[in-house]
Amino acid sequence: MTENVTVERTHNYLRQIKGSVLYKGVAVSASFLAIPVMISYLGVAQFGIWSTLLTIMSWVVFFDLGIGNGLRNKVAESLAKDLPGEARNYISSAYCLIAFIAFGLWLLFAFLSYVVSWQDVFNTALVAEEELRYAVQVAITFMLINFWVGLITALLGALQKSALVSLGQLFTNVFALVVVYLLSLFCEGSISQLSWMYGVALLGGNILLSVWFYREYKYLTPTFMLRQDHVAPLLSTGIQFFIIQLAVLVVFTTDKILITQFFGPEHVAEYEVVFKLFSVITFLHMLISSPLWSAYTDAYHRKDTVWVVQMLRTQLKLYGVVIVGLLVLAFLAPFIISIWIGRDFSVSISLVALVALFVAITTWNNIFAVMLNGAGAVRVQLYTAVAAMIINIPLALLLVKFFGMGVGGVVLAATLSLLFSAVLLPLEVLRLLRKESGLT
């Protein structure tokens, strides 16, 4: 390891943040503008159904058995060790594995889509069963295709080009905003039409990124051959990430399902708007932390512990800014929402406070999870994530059914389930750094 490598890693990290701020800023703005347009186009109840459908679509991403994250670590590790051929072999095997998984999931879903009552899933009779089924089939088909194409985001992360991932999101969100606006002008509200347009937008961004990536890095172009000696390393790391992702799925994405079942889809709209507002803080924090994943991988495998500690200290200082931002946003939330959505759209102050607390805990956990992910030391994170997954839904039932906390009870349950990670992840980072520094 040389001083030049350390300096370049830091400079690249700062470049990725600058690029992400620009691209993500536009992407988030488009996403925010799309919310009132979608509500106007679909109506509050159908928007709640659409929001829940997006959650179901996001579940598909978690069934890659963690291969995407495993690929990110293995490619970054191979390049840090100056083994581009090995990196290419990992890429080839990952594409083959994801193709098999995606096709298998599509066949399974094609069968199940005619068995499941989608009106029961969405707890509504507002939309016909046939239209719901068609919309879900279209959405999931696009998501499964993107499941394969979307491996490009893992590769961009591995090469510490995370700003380009934000560029892909910019394309998706701006395209979706324009299409929804046009639909609202010329068409009646239709979830199936929206599913087509959203699917095209989602896929288009990653296709453009893939074309650019393989022109720029021809030496990493996959051969689409499954190499058995690379499957086990991908899966051994990936399975741990998969279990963590599955736990995150339960904690972060079942809230809308629970709210739909407890209170009806119309209550999802209030939850979605509040979470969307506070996602500004989450997005800004992710802009800073996401580029660090593969930077930590590079530093860890080059034994550059000093750089890792320096970055962690910087992240902790920035966390103070996050807390101040959350307090200000919580105070201004009713005013902002009245302008953004409309004065007739009211939100609970208690829900605002609970969402702010949830974001505070998740950003704290993310500081340490990113470092552990980069180092591939995810065992403690695995245990805490499973614990959170186990207690989240029962705790939500307790808070809603027995304590009558309403929608806020669902959010509080998710927050409390994350406290295991809030305590144990910093301790694991400290243990790992002491071990690498030879202090233990």
Side-chain angles (χ1 to χ4, degrees), residues 23-58 122 124 126-127 131 135 139 166 169-202 205 253 255-256 259-260 263-284 325-326 328-349 351-352 354-356 358-359 407-408 411:
Y23 302 143
K24 198 79 168 184
V26 177
V28 170
S29 298
S31 178
F32 267 74
L33 291 172
I35 294 292
V37 177
M38 284 185 182
I39 292 176
S40 175
Y41 171 60
L42 295 174
V44 172
Q46 283 200 77
F47 174 74
I49 296 171
W50 171 251
S51 180
T52 306
L53 173 57
L54 288 182
T55 298
I56 294 174
M57 288 172 62
S58 72
F122 295 108
T124 185
L126 183 65
V127 181
E131 183 178 359
S166 298
Q169 293 170 345
L170 182 155
F171 173 87
T172 297
N173 291 358
V174 170
F175 184 88
L177 171 61
V178 172
V179 168
V180 172
Y181 178 70
L182 293 175
L183 288 174
S184 68
L185 290 179
F186 302 108
C187 304
E188 293 184 1
S190 170
I191 291 178
S192 57
Q193 287 180 343
L194 198 56
S195 295
W196 271 99
M197 295 302 100
Y198 185 84
V200 171
L202 186 67
T253 66
D255 284 2
K256 294 176 188 177
I259 293 169
T260 297
F263 310 107
E266 62 274 9
H267 289 272
V268 176
E270 178 190 8
Y271 169 92
E272 179 72 7
V273 166
V274 175
F275 254 92
K276 198 68 174 180
L277 178 62
F278 279 91
S279 69
V280 171
I281 302 295
T282 305
F283 280 140
L284 290 174
L326 285 172
V328 172
L329 192 56
F331 179 75
L332 296 176
F335 173 72
I336 295 173
I337 291 172
S338 69
I339 296 175
W340 172 31
I341 306 297
R343 294 187 180 278
D344 294 334
F345 194 94
S346 60
V347 296
S348 166
I349 299 301
L351 179 62
V352 169
L354 288 169
V355 171
F358 177 82
V359 173
V407 174
V411 179

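Counting begins at 1 with the first residue of the sequence. Keep in mind that what you see is a predicted model, and the values were worked out from it rather than measured. Side chains are part of it too, since the values below use all heavy atoms of this structure and drop only hydrogens, waters and symmetry mates.
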Can you measure from [atom1] ([X]) to [atom2] ([Y]) and round to the nearest 0.5 angstrom?
| X | Y | atom1 | atom2 | value |
| --- | --- | --- | --- | --- |
| Phe47 | Ser40 | CZ | OG | 12.0 Å |
| Met197 | Leu177 | CE | CG | 14.5 Å |
| Asn173 | Tyr23 | CG | OH | 15.0 Å |

Is a side-chain donor or acceptor of Ser195 paired with a backbone partner of Ala139 at a separation under 3.5 angstrom?
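No; judged by distance alone, with no hydrogens or angles, the pair does not exist.
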Pair Val355-Leu351, side chain to side chain contact (heavy atoms under 4.5 Å, CB included): steps then yes or no:
CA-CA 6 Å; Val355 171; Leu351 179 62; 4.1 Å; yes
Applying side chain to side chain contact (heavy atoms under 4.5 Å, CB included) to Val352 and not counting sequence neighbours gives Val274, Phe278, Ala330, Ala333, Val347
Could you pull out all residues at least two apart from Trp340 that satisfy side chain to side chain contact (heavy atoms under 4.5 Å, CB included)?
Phe32, Ile35, Pro36, Val273, Lys276, Leu277, Ile337
List the atom of Leu194, the atom of Leu183, and the distance in Å for their closest heavy-atom pair.
CD1-CD1, 4.3 Å
Tell me the closest heavy-atom pair linking Ala201 and Phe175, and the distance in Å.
CB-CD2, 3.2 Å
Carefully, step by step, assess Tyr271 and Val411 under the rule side chain to side chain contact (heavy atoms under 4.5 Å, CB included).
CA-CA 9 Å; Tyr271 169 92; Val411 179; 3.8 Å; yes
Please enumerate all residues that pass ring-ring contact (aromatic ring centres under 6.0 Å, His included) together with Phe358, with sequence neighbours excluded.
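ring-ring contact (aromatic ring centres under 6.0 Å, His included) check on Phe358 returns Phe252, Phe275.
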Heavy-atom distance under 4.5 Å between the side chains of Val37 and Leu33, does that happen here?
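No; the side chains remain at least 4.5 Å from each other.
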